[in-house]
Structure formats: C-alpha cells, structure tokens
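To start, the structure itself, in structure tokens.
We name chains A, B, ... by the order of the sequence lines, and we start the count at 1 in each one. Hydrogens, waters and symmetry mates play no part in the numbers below; they use all other heavy atoms, side chains included.
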Number of protein chains: 2
Amino acid sequence: MKLDTYSQATAEINENEALKDAGEQTPKEFFAKKCDGSKKEDTKHGVCPLRELLSRLGDKWSVLLILTLARMPKERARFSELKRSLPDISQRMLTATLRNLERDGLISREMFAEVPPRVEYQLTELGVSILNPMRDIVNWIEGNWTTIITSREVFDQKHPKEVESELQ
Amino acid sequence: MKLDTYSQATAEINENEALKDAGEQTPKEFFAKKCDGSKKEDTKHGVCPLRELLSRLGDKWSVLLILTLARMPKERARFSELKRSLPDISQRMLTATLRNLERDGLISREMFAEVPPRVEYQLTELGVSILNPMRDIVNWIEGNWTTIITSREVFDQKHPKEVESELQ
DNA sequence: CTGAATCCTTAGTGATACTG
DNA sequence: CAGTATCACTAAGGATTCAG
C-alpha cells in the first residue's frame, strides 16, 4: 500500500503531525484499524461511536454552548447567563442541549433551592478535556476557511443549477 | 481570571497539550478571542464558520465517507466501491454527500468518458489535511467513550422518565 | 427564574423508479 | 455504472403557553 503520497501531502500541510502522542501512526494507519462503519450494528456495540458523538457535537448548539461555558469564570454559568450569551437559542433548545451534555457528562448541573430558583452549569473535567481537540478543529477550520469558501464559489460557478445547500 | 482550575484539570487528562503549535495558549484563552456565536450574523461574514462546518461534519455520512476514502489506496475510489464500503448508505445520500464534500474542496471528482461510465473520487490535499485533527477527536472519543456511556447510564437512572434521545 | 408541554414547520434522510 | 427525480417519513428545531 502506497503511503508515500499521503505522507508527503500531510508533511506539507500539517507540520505538527509528529508531535501527537498517538502520532507515530499516520492518520491513514490509525483509521485503517477502526471504525469502518460499514454496518449499522457497529454503532450499537460501541465499535464506532464516532458518528454518534460527532452528530451530537454537530447539532446546532452543543459546541457553541461548550465554548460559551469555556469562556466563563470557572467555566460556570447559570441558565439565564447562557441564554443571554446565546440570544438566538430558544429556551427549549437551551434546556435540551444542556440536558444532553449533562447526560454525556460534559457539564454538571447544580440546582439551588432558592426562590426564585437558580441553576448553575459548569464544564466537568471531561468537558474541559475536549477543549483541546476542539481547538485543533477550530484551528483547521480557521486556517482553511477561505480555501473552502473559494472552493464553493468555484463549484457553484461550474454548477449553475440550483444548489441544494442554502448555507453561506 | 482563574485559569488554575482549568490548567490543573487538563494537565491530568490531556498530557499532550503543550505540544501543539498553537498550544502556547490554553483553549480558554484561545476560544475567548473568537467565535462568540452570539448572533446569527457572525456566521454570515465568516467570523464563526465553526458551526457551519461542524454541522456538515456532523451529518450522517460525511465523516464516514472521508474515513472510507482515507483507507483506500491513494485515498481514491470509484462510486461503486464507496457504495460497497458503506452498505447502509443510500445512493441518493452517497451522491449528495460526495457533492457537498466536493463543493467544499475536500474531495475531487474525476469522470471518465467511458461506457459504462466510471467516476473516481479522491481526497484532496485539503481533505487529507483534516485527517489529523479528526484523529484527535477520534482519540478523545475512544479514550472517553466508556466514561460517557457510564455517565449516560447514571443519568438515565436518575431520570427514569422517558429519555428523548433514542441513541444507544 | 428555570424549566416542561404543546403545537407546528422544515430540513434531513430513505425507498423507489427512471435515465444517459 | 453513476447518477437524477419523486414521494414519503422522521427528527430537529422554533414559538408559544403553562407551571413550580
């Protein structure tokens, strides 16, 4: 199997490859061994939870919520603060997203028996630990965003028929 | 602003923090400066494209498709090969997902004027370059998956009412 | 203040049939 | 072989109202 082409390409683009602790493998080797995702059942017994968690992270608010909490003092805020920081989110979605993240153990919820009630949410240790890989993704997106935008424009030029994606 | 708590927490979980090239900043500092995502308009002028691309990556097939191509020789395969590798995907979704990824410049499409027709898809340099950050996410998920599963079980125990998430 | 409950709209996805 | 077109279904998300 020819890995030369790949290694060369990544060497040009990602200079920090060799630094990762799992980085002795190329991503190609790494991915070759897991998560072929060919069958639904793989998701069931946890072989490929990637898609499941990615789709959660990919929902409309989870990541923004994590980032919002990350910026708060002690990574902690109450419901109304979060609502203020994310004006576009509906109350319904804020509640639901917080609930899902709490279920996954990324945030904790502390309720105070006061009146009026007060509830505080905080990134857990686990939630904090995802900030690092998340930063790498953000870095990648930032670094390649103009490339992507340009690529889209070129593509849309070549395919004048209506584009089904209404993004951008 | 107290970063001590944060630094301590990540030091325990993520030992490779200091290795990243952007790693002089803690993620907290990093995220503080960008992508507050408070208003929709931020998405428009590209301040916070994070959500947009994440939701694309978070769709049902994009990541699996990228990983599938990553495992192919020269990160290249034709339509029917991809269909075979992802038996659960419908033709419609395979076409659409490939199209979106091509539009974003992550894969390239080469069509051969033969009969019967043959079309080959390949990860572009850009597409290959996302494999590294993607691997970090996969690593994180793998490393913390049992924790998440456990957290969910505990949560569901405490909240016996029907859970709206049908995952797992 | 922090939700839960309800209703409603729409985007995402799949099944099927058809075509160059 | 590699798609497009059409239809139907589901789940995600938003608006609004109610409640502890």
Side-chain angles (χ1 to χ4, degrees), chain A residues 40 43 51-52 54-65 76-103 107-122 159-168, chain B residues 40 43 51-52 54-65 76-103 107-122 159-168:
Chain A
K40 278 181 190 168
T43 313
R51 194 171 85 193
E52 179 179 341
L54 251 188
S55 76
R56 168 139 315 164
L57 260 41
D59 73 8
K60 204 170 180 181
W61 299 108
S62 291
V63 170
L64 284 180
L65 208 46
R76 187 178 183 92
R78 54 188 297 181
F79 190 86
S80 47
E81 288 183 83
L82 295 172
K83 182 72 184 73
R84 258 193 308 280
S85 298
L86 269 45
D88 289 337
I89 197 175
S90 67
Q91 216 172 35
R92 182 192 190 287
M93 279 298 103
L94 180 53
T95 302
T97 307
L98 286 169
R99 224 179 136 79
N100 280 329
L101 291 176
E102 185 199 359
R103 191 170 101 100
I107 66 178
S108 61
R109 187 188 120 119
E110 190 174 3
M111 198 175 157
F112 299 88
E114 304 172 0
V115 43
R118 174 167 59 105
V119 180
E120 290 188 4
Y121 296 90
Q122 182 175 23
H159 305 257
K161 3 216 161 192
E162 79 287 289
V163 183
E164 54 233 299
S165 169
E166 67 292 344
L167 300 170
Q168 191 247 140
Chain B
K40 279 180 188 166
T43 313
R51 192 170 89 193
E52 179 178 341
L54 249 189
S55 76
R56 168 139 315 163
L57 259 42
D59 72 8
K60 204 169 179 181
W61 300 108
S62 291
V63 170
L64 285 179
L65 208 47
R76 188 178 182 90
R78 54 189 298 182
F79 190 87
S80 47
E81 289 183 82
L82 296 172
K83 182 74 185 69
R84 257 193 307 281
S85 298
L86 268 47
D88 289 337
I89 197 175
S90 68
Q91 212 173 38
R92 183 190 187 292
M93 279 297 102
L94 180 54
T95 302
T97 307
L98 285 168
R99 225 179 136 80
N100 280 330
L101 291 176
E102 184 198 1
R103 191 170 102 100
I107 67 177
S108 61
R109 187 187 119 119
E110 191 173 1
M111 198 174 156
F112 299 88
E114 305 173 359
V115 44
R118 174 167 59 106
V119 180
E120 291 188 1
Y121 295 90
Q122 182 175 23
H159 305 257
K161 5 217 162 189
E162 78 288 286
V163 183
E164 53 233 302
S165 169
E166 66 295 343
L167 299 170
Q168 193 248 141

Quick one: [X] [atom1] to [N] [atom2], roughly how many Å, whole number?
{"X": "A:Met111", "N": "C:dT2", "atom1": "CE", "atom2": "C1'", "answer": "8 Å"}
{"X": "B:Leu64", "N": "C:dT13", "atom1": "CG", "atom2": "P", "answer": "12 Å"}
{"X": "B:Asp59", "N": "D:dA11", "atom1": "CG", "atom2": "C1'", "answer": "15 Å"}
{"X": "B:Glu52", "N": "C:dG12", "atom1": "CD", "atom2": "C1'", "answer": "16 Å"}
{"X": "A:Asn100", "N": "D:dA11", "atom1": "CG", "atom2": "P", "answer": "15 Å"}
{"X": "A:Leu98", "N": "C:dA4", "atom1": "CG", "atom2": "C1'", "answer": "14 Å"}
{"X": "B:Arg109", "N": "D:dC1", "atom1": "CZ", "atom2": "C1'", "answer": "12 Å"}
{"X": "B:Trp61", "N": "C:dT13", "atom1": "CH2", "atom2": "C1'", "answer": "10 Å"}

*Could you list the residues that satisfy salt bridge (Lys or Arg N to Asp or Glu O under 4.0 Å) with A:Arg76, not counting sequence neighbours?*
A:Glu110, A:Glu120
Quick check on [N]: is either OP1 or OP2 less than 4.0 Å from any side-chain nitrogen or oxygen of [X]?
{"X": "B:Arg99", "N": "D:dG3", "result": "no"}
{"X": "B:Tyr121", "N": "D:dC1", "result": "no"}
{"X": "B:Ser80", "N": "D:dA2", "result": "yes"}
{"X": "A:Lys60", "N": "D:dG14", "result": "yes"}

Which atom of [X] lies closest to which atom of [Y], heavy atoms considered:
{"X": "A:Pro117", "Y": "A:Arg78", "value": "O-NH2, 3.7 Å"}
{"X": "A:Ala77", "Y": "A:Glu81", "value": "CA-OE2, 3.6 Å"}
{"X": "B:Leu54", "Y": "A:Leu57", "value": "CD1-O, 4.0 Å"}

_Any donor-acceptor N or O pair under 3.5 Å, side chains B:Asp59, B:Ser62_ = yes
*Under 3.5 Å donor-acceptor, A:Ser90 side chain and A:Met93 backbone*: yes
*Backbone N or O of B:Ile89 within a donor-acceptor pair of the B:Lys83 side chain at under 3.5 Å?*
yes
[X] has a side chain; which of [options] sits nearest to it?
{"X": "B:Arg118", "options": "C:dT13, D:dA2, C:dT2", "value": "D:dA2"}
{"X": "B:Pro116", "options": "C:dG3, C:dG14, D:dC1", "value": "D:dC1"}
{"X": "B:Thr95", "options": "C:dA4, C:dT2, D:dT4", "value": "D:dT4"}

_Protein proximity profile, nucleotides 15-20 of chain D - base contact B, sugar-phosphate-only contact S, no contact -, cut-off 4.0 Å on heavy atoms_ = B----B
